[in-house]
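Throughout, a chain's letter reflects where its sequence line sits, starting with A, and its residues are numbered from 1.
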2 protein chains.
Amino acid sequence: MEEFLRYEHMKDEIPKISDFYKIMGDETRLEIMFLLMEAEMSVGEITKNINRDQTTISHQLRLMKKSGFVLSTRHGKYIFYSLDDHVKNIIKDTLRHLNEVGNEEK
Amino acid sequence: MEEFLRYEHMKDEIPKISDFYKIMGDETRLEIMFLLMEAEMSVGEITKNINRDQTTISHQLRLMKKSGFVLSTRHGKYIFYSLDDHVKNIIKDTLRHLNEVGNEEK
DNA sequence: ATAACATATGTACAGTTGTACATATATTAT
DNA sequence: ATAATATATGTACAACTGTACATATGTTAT
C-alpha cells in the first residue's frame, strides 16, 4: 500500500476531501458539470438545459466557483462558466470505475 | 471530447453518479474507508479508531454495504469489513488530482 | 443455561442543504 | 434617461441526513 495513503496521514485531510465529494454529490451540480464538460456556457444556456429556476443555477454556480470547481468570465451581459480541468479529470476517472463498484469479479 | 461523456448520454446516469458521490461525501464514512484502505477490520477495531458511537459505525457500514462500497465476512463473534477495490481506485485517482483543483497553472 | 462480548436495528431529534420566491444589480439598446 | 435582458443575492421553508440513545440479536465461554 502506498505510504502516502495511510490513515494517520490522511486523517487531517478528510474534511477537505469530504467537502469535495459533497459538492460532487448533487444532481443539479452534476448536470451543470456535465454540460460544462462539453463547452463553456452562459448562465442562461445552462438554465435552458436544466429544469431548475435561474436563481437555483446561480446559487449553485456561486458555490461551485467559491470552491474552485468552475471559472467565470464576463462577455458583455453574459457570464460564461467553465469547468476546472482537474475536476474534469476526476469525473472521467470516476466514471471509468463506477459501473464496476459492488461487482467484484470472482 | 470523448463521445461517451456527452451530456445527453450521461443525463440518465446522473442520479446514480450523484448517489455514489453522496456516499463519499461524509467524514465518518471517509474515515472508515481510509481505515479499510490499509486492511480489513472488525467493527470494534473501526470504532476504536474513530471517535463515534459503535451504533453510528454500524449504521454507516450497513449503508455502505448496501451500496457495494464494502464487503463483510463473519469470523466467530467478529465481522470483518473490507473496501471494494474499485472504490479504492476511485479514491486514489481522486486524491491524485485533488490538491490541484482550483489552481489552474497559468 | 447464563453471562459477557460483538454487532445490528428502531427511533427521534438537531443540523444541514437544495429550492424557489422576491428582489437587486449589471449591462446593453433605444 | 428608460426599458429590456442577464445574472446575482436575501430569505424562508421542506426535505434529507448523521448521530446517539435504547434495545435487540448473534456468538462464545463458563
* Can you check whether B:Leu61 reaches B:Ile32 side chain to side chain, under 4.5 Å on heavy atoms? -> yes
* With rounding to the nearest 0.5 Å, note down the distance linking CE in A:Met24 to OH in B:Tyr21. => 4.0 Å
* Structure fact -> Atom NZ of A:Lys22 and atom C1' of C:dT17 are separated, to the nearest Å, by 11 Å
* Could you list by number each residue of residues 11-20 of chain A showing a heavy-atom separation from DNA chain D of less than 4.0 Å, or answer none if no residue does? => none
* Using the heavy-atom set of chain A and a strict 4.0 Å cut-off, write down the first and last nucleotide of DNA chain D that makes it in, 5' to 3'. => D:dT5 to D:dT11
* Asked: Contact class for B:Phe80 (heavy atom, under 4.0 Å): base, sugar-phosphate, or nothing?
  -> nothing
* Structure fact -> To the nearest angstrom, the CD-P distance between A:Glu27 and C:dG18 comes to 11 Å
* Structure fact -> Rounding to 0.5 Å, atoms CG (A:Leu83) and CE (A:Met41) come to a distance of 11.0 Å
* OH/B:Tyr81 to CD1/B:Ile79 distance, rounded to the nearest 0.5 angstrom? -> 5.5 Å
* To do: Please list, chain by chain and in numerical order, all residues satisfying side-chain contact (heavy atoms from CB on, under 4.5 Å) with A:Asn99, sequence neighbours excluded.
  => none
* Would you find a donor on one side and an acceptor on the other, under 3.5 Å apart, between the side chain of B:Thr56 and the backbone of B:Arg52? -> no
* Round to a whole Å and report the spacing from CG of B:Asp26 to P of C:dT17. => 11 Å
* Structure fact -> Apart from B:Tyr78 itself, members of its ILVMFWY cluster (side-chain separation under 4.5 Å) are B:Phe80
* Asked: Of all of residues 42-66 of chain B, which get a heavy atom below 4.0 angstrom from DNA chain D, listed by number?
  -> B:Arg52, B:Asp53, B:Thr55, B:Thr56, B:His59, B:Gln60
* Side-chain N,O (B:Arg74) to OP1/OP2 (C:dA6) below 4.0 Å -> no
* Transitive ILVMFWY cluster of B:Leu63, excluding itself - 4.5 Å side-chain cut-off -> none
* **Charged N-O contact under 4.0 Å between B:Asp19 and B:Lys16** => no
* To do: State, with a plain yes or no, whether a side-chain heavy atom of A:Lys88 is found less than 4.5 Å away from one of A:Met33.
  => no
* Applying the side-chain contact (heavy atoms from CB on, under 4.5 Å) test to A:Arg29, which of A:Ile23, A:Ile57, A:Val70 qualifies? -> A:Ile23
